[in-house]
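Contents: one structure, followed by commentary.
Here the structure is a predicted model, which means the values were calculated and not measured.
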Amino acid sequence: MARFELKLPKMGESVAEATITNWLKEVGDKIEADEAVLEIATDKVDSEVPSEVSGTLVEQLFGKDDLVQVGQTIAIIETEGGELLEVVKQAAISEAVAEVTKTVDAAKESVAAPVNFSESEKFLSPLVKNIATEEGVSVAELDSISGTGKEGRVTKNDILEHVKNRTSQPVAVTAPVAEVQKTVLAPVAQKAPPVSVSGGDEIVEMDRMRKLIAGYMVASVQTSAHVQSFIEVDVTNIVKWREKNKVAFEKREGEKLTYTPIFMEAVAKAIKDYPGMNISVDGDFIIKKKNINLGMAASLPNGNLIVPVIKNADQLNLVGMAKAVNDLGSRAKAGKLKPDDTQGGTYTVTNVGTFGSVFGTPILNQPQVGILALGAIRKMPAVIETPEGDFIGIRQKMFLSHSYDHRVVDGALGGSFVKRVAEYLEAFDVNRDF
């Protein structure tokens, strides 16, 4: 008999740890290769950890709700015969050698070329940069340090302490996640459940994702000064064009044509015109984002919400946008999103019209400074201007509701941006190809 160590696998560049939400196998259970052993959750995405070998689960090293670092051993599986173990060992050795080689090569490159500190989302003093250069601290490491200075800035003592402990300490969870877990999850776990006075009320504890959402929403309102702008848009041309082309589009591309990619296309264009909406705030500093990554709020079957991200949305044509929207939407509903699918968003769009709402006042998805709510499309009587005069006609209209962070976005920018989105939608070419 041989013992195999099941480790928490890598789940994306930006993910350093995960929480165990459920053990699918108990000690003594038989496990087949590629069979799921446990369920884990990162910031928002839930996923399963499969076994690399067949055998029997003999030990669980962590319990439910425990936080585990990537690469840590989480379970021991006993396999039959030593041959398989030897294969696994050799694979592990090869992987370790490759990792060491990769690390050495990266170190050589870091010596040959200076670190590009502009890639960091934090303000770094010249002293901190010098120490980082001398000690070979990467930008990713710097971003992982929880600064003790004003507005969370990394101080000399912070980076020296990091250098001292970097070989023995695991990478810390990012500050926003840590704060939510500390201020939302822990207090709820410690608080005694309420008791129904009448005895007829049902008391149900929030699931993990709902607790996180609650924490993020409260933190967002407390962080940003929310203000809204609303504009009514005539989308008659879009409705007519979609009705005319949706069957041919699905036949040619194998994808359903919804309104969402059309709206996303207009938002991406407007952000290119008004890059002041594609920023985030870090203390007294504004971070101008290079890429336009659009988050699309999606409701889940269990009633929770998740925001997968369309990366480099401005570089996609309508077909590419439709494929991205459909792929992320379907994987979100099926619980198949990867951690990286929800990372890196710079602006968010939410479709409240799906549920019949005319407009809404959405809460910002921190650290973004803007979020656009798409209202329901309705037939409305409208005044139509023609060279022969004005007349009343039936038009397809909707409201755009734009929430933005008044700390850095004033009414002129917030209002101009949503107006530009409306202009792109109303100027939609009914004769365009897809």
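Listed by chain and number, the residues in a ring-ring contact (aromatic ring centres under 6.0 Å, His included) with Y424 amount to none (sequence neighbours excluded). In this structure N157 satisfies the side-chain contact (heavy atoms from CB on, under 4.5 Å) test together with T155, sequence neighbours excluded. Applying the side-chain contact (heavy atoms from CB on, under 4.5 Å) rule to L316 yields the partners I310, M321, A324; only residues at least two apart in sequence or on another chain are considered. The side chain to side chain donor-acceptor pair (under 3.5 Å) search around S229 returns Y404, not counting sequence neighbours. T361 pairs by the side-chain contact (heavy atoms from CB on, under 4.5 Å) definition with Q228, F230, not counting sequence neighbours. Residues passing the ring-ring contact (aromatic ring centres under 6.0 Å, His included) test with Y274, sequence neighbours excluded: none. Every residue was checked against the side-chain contact (heavy atoms from CB on, under 4.5 Å) condition with K290, not counting sequence neighbours, and none meets it. Applying the ring-ring contact (aromatic ring centres under 6.0 Å, His included) test to F399 and every residue at least two apart in sequence or in another chain returns F359.
Enclosure of atom NZ in K338 is not indicated, since only 12 or fewer non-hydrogen atoms of other residues, nucleotides or ligands lie within 6.0 angstrom.
Residue pairs meeting the salt bridge (charged side-chain N to carboxylate O under 4.0 Å, His left out) criterion with at least one member in residues 56-76, sequence neighbours excluded: R3-E59. Note on residues 403-429: pairs passing salt bridge (charged side-chain N to carboxylate O under 4.0 Å, His left out), not counting sequence neighbours, are D273-R420, D405-R407, R420-E423.
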Got a list of side-chain donor-acceptor pairs under 3.5 Å for residues 259-272, not counting sequence neighbours?
unit_1: E265; atom_1: OE1; unit_2: R432; atom_2: NH1; d: 3.0
unit_1: E265; atom_1: OE2; unit_2: R432; atom_2: NH2; d: 3.3

Could you list the donor-acceptor pairs under 3.5 angstrom formed between side-chain atoms of residues 292-305 and any protein atom two or more places apart in sequence or on another chain?
unit_1: N293; atom_1: OD1; unit_2: N312; atom_2: N; d: 2.8
unit_1: N293; atom_1: ND2; unit_2: G344; atom_2: O; d: 2.9
unit_1: N302; atom_1: OD1; unit_2: N304; atom_2: N; d: 3.0
unit_1: N304; atom_1: OD1; unit_2: R210; atom_2: NE; d: 3.1
unit_1: N304; atom_1: OD1; unit_2: R210; atom_2: NH2; d: 3.2
unit_1: N304; atom_1: ND2; unit_2: D207; atom_2: OD1; d: 3.4
unit_1: N304; atom_1: ND2; unit_2: D207; atom_2: OD2; d: 3.0

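When atom types are taken as modelled, the side chain of S220 and the backbone of M217 share no donor-acceptor pair closer than 3.5 angstrom. Side-chain N or O atoms of T342 include one that pairs as donor or acceptor with a backbone N or O of P339 at under 3.5 Å.
Between the side chains of Q368 and T348, at least one donor N or O sits under 3.5 Å from an acceptor N or O.
Between I74 and W23, the shortest heavy-atom contact is O-CH2, 3.4 Å.
Salt bridge status for R331 with D327: present, with a side-chain N to carboxylate O gap under 4.0 Å.
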